[in-house]
J.: 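Quick one: this structure, given as structure tokens, is what I'll be asking you about.
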Amino acid sequence: MKNLVVVVGSLIIAFAFNCFLVPFGILSSGISGIAILLGLITPFNTGLLNLVLNLPLIILGYYKLGKTITINTMVCVVSLSAFLYVIPVAAVTDNILLSTVFGGGIGGIGVGLILKHSGTSGGLDIIAIIVSRTSSFSIGLLLTGMNGAIVLLSGFVFDWEIALYTLLSIYITGKMIDTIFTDHVKLTMQIVTTKGDLIRNELLESIYRGITITEGYGGYTQEKKDILMMVVTRYETLHVKNIVRKHDEDAFINIYETVEVDGKFSVN
């Protein structure tokens, strides 16, 4: 199911690129934006360039974000590259401002869906997620900041009016991502389980958050339980739940929003 959502998100992104942004030379965010730029000034297809440029960052994601996210990212990069290859470049409207707004917004919806289901669209998404895990910056804000270089590139290669439209598109994409996927919200998770050691070991290997463990017992069964408490981003909750359910289908998980974190948020 998650892979299906990732593929649908990739289709949405490709539609935004080829039907709104590319016809006017407007770049998108991240590695895809660089792929669009190279596709406009070279004979190579944008989809193929997107795949080649993403490969090194996918390898980085495997070591930093884990196997599950990397697999979903691979699904996204391959499907996005394929959709960019097969969807014809044809403008939906001849109004460049409308194309900028809708291209950025629709693209942000696609990226937000992918992030919400434990994947990334590759490229700078991977770097943004890694940085956001050890900081208070949202993914949308980080992507907007890093994409400043793409705006400068579009200004030098094309003209500064196109660069301003690119900046607007990237900003709208970032805001849409944060609307759909509020990764920067911190959540406290309490996990009551009989498999505390197994869950603890896997969480520390893949989540990189501090965990506090206390002992308790069931009020009805009086069975000994481990209570694991950790603060995570909203992005990480699904991954934590998958790990818990992998080891203990009967575990009790309580999740609530954290107003403020004062202290070391990451174990790194």
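Residues: numbered from 1 along the sequence shown.
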J.: Hey, can you pull the donor-acceptor pairs under 3.5 Å for the side chains in residues 220-229, sequence neighbours left out?
T.:
unit_1	atom_1	unit_2	atom_2	d
T221	OG1	E223	N	3.2
D226	OD2	G196	N	3.4

J.: Taking salt bridge (Lys or Arg N to Asp or Glu O under 4.0 Å) as the definition, give me every residue that meets it alongside K246, ordered by chain and number, with sequence neighbours left out.
T.: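 K246: salt bridge (Lys or Arg N to Asp or Glu O under 4.0 Å) contacts with E202.
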J.: To the closest 0.5 Å, what do you measure between CE (M230) and CD1 (I211)?
T.: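 Answer rounded to 0.5 Å: 4.5 Å.
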J.: Mind checking whether I199 and I253 sit in one hydrophobic cluster, side chains of I, L, V, M, F, W, Y counted as touching below 4.5 Å?
T.: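 The answer is yes; both residues are in one hydrophobic cluster.
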J.: Are L98 and I12 linked, directly or through other ILVMFWY residues, by side chains that come within less than 4.5 angstrom of each other?
T.: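 Shared cluster, yes.
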J.: Donor-acceptor check, side chain of N254 to backbone of Q190, threshold 3.5 angstrom: yes or no?
T.: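 Such a contact is absent between N254 side chain and Q190 backbone.
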J.: Could you state the interatomic distance from CD (E257) to CD1 (I255), rounded to the nearest 0.5 Å?
T.: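 Spacing of CD (E257) from CD1 (I255) equals 12.0 Å.
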J.: Report yes or no: do I172 and I96 belong to one cluster of Ile/Leu/Val/Met/Phe/Trp/Tyr joined by side chain heavy-atom distances under 4.5 Å?
T.: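 Yes.
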J.: Between the main-chain N or O of V244 and the side-chain N or O of D248, is there a donor-acceptor pair closer than 3.5 Å?
T.: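 No; judged by distance alone, with no hydrogens or angles, the pair does not exist.
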J.: Could you grab the distance from atom OG1 of T193 to atom CD1 of I213, nearest 0.5 Å is fine?
T.: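 Those atoms lie 10.5 Å apart.
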J.: Going through the checks in order, is the side-chain contact (heavy atoms from CB on, under 4.5 Å) test met by L53 and L38?
T.: CA-CA 11 Å; L53 292 173; L38 294 176; 4.1 Å; yes
J.: Is any side-chain heavy atom of F102 closer than 4.5 Å to a side-chain heavy atom of T93?
T.: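 The answer is no; the side chains never approach within 4.5 Å.
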J.: Please evaluate residues L187 and Y256 with respect to the criterion side-chain contact (heavy atoms from CB on, under 4.5 Å), reporting the C-alpha separation (whole Å), side-chain torsions for both, the decisive distance (0.1 Å), and the verdict.
T.: CA-CA 6 Å; L187 300 171; Y256 50 92; over 6 Å; no
J.: Would you please name every residue forming a side-chain contact (heavy atoms from CB on, under 4.5 Å) with L11, sequence neighbours left out?
T.: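 Partners of L11 by the side-chain contact (heavy atoms from CB on, under 4.5 Å) criterion, ordered by chain and then number, come out as F83, I87.
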J.: List the residues meeting side chain to side chain donor-acceptor pair (under 3.5 Å) with T100, not counting sequence neighbours, and say none if there are none.
T.: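 T100: no side chain to side chain donor-acceptor pair (under 3.5 Å) contacts found.
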J.: Any side-chain heavy-atom pair from T42 and L49 closer than 4.5 angstrom?
T.: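 Result yes, sub-4.5 Å side-chain heavy-atom pair found.
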J.: Atom CZ of F24 and atom OG of S169: how far apart are they, to the nearest 0.5 Å?
T.: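 F24 atom CZ to S169 atom OG measures 12.5 Å (nearest 0.5 Å).
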J.: Under 3.5 Å, sequence neighbours excluded: what are the donor-acceptor pairs made by side chains of residues 103-115?
T.:
none

J.: So, does S79 use its side chain to make a donor-acceptor pair with the main chain of V75 at under 3.5 Å?
T.: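 Checked: pair present.
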J.: What pair of heavy atoms forms the shortest contact from V89 to P23, and how long is it?
T.: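 Here V89 and P23 meet closest at CG1-CG, 3.8 Å.
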J.: Nearest 0.5 angstrom please: I13 CD1 to L21 CG, how far?
T.: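 Between I13 CD1 and L21 CG, I get 11.5 Å after rounding to 0.5 Å.
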J.: Please determine whether residues V77 and L48 belong to a single hydrophobic cluster, defined as Ile, Leu, Val, Met, Phe, Trp and Tyr linked transitively by side-chain heavy-atom distances below 4.5 Å.
T.: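 Each belongs to a different hydrophobic cluster.
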J.: Using the ring pair (Phe, Tyr, Trp, His ring centres under 6.0 Å) criterion, which residues pair with F20? Sequence neighbours excluded.
T.: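 For F20 the ring pair (Phe, Tyr, Trp, His ring centres under 6.0 Å) partners, ignoring immediate neighbours, are F15.
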J.: Short question: side chain of R200, backbone of K195 - any donor-acceptor pair under 3.5 Å?
T.: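 Checking the backbone N and O of K195 against the side chain of R200, no donor-acceptor pair under 3.5 Å is found.
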J.: Is it the case that one hydrophobic cluster holds both L84 and I41, taking links as side-chain heavy atoms less than 4.5 Å apart, direct or via other members?
T.: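 Yes.
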J.: Enter the distance from L168:CG to I170:CD1 here, rounded to the nearest 0.5 Å.
T.: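 Reported to 0.5 Å precision, the distance equals 10.0 Å.
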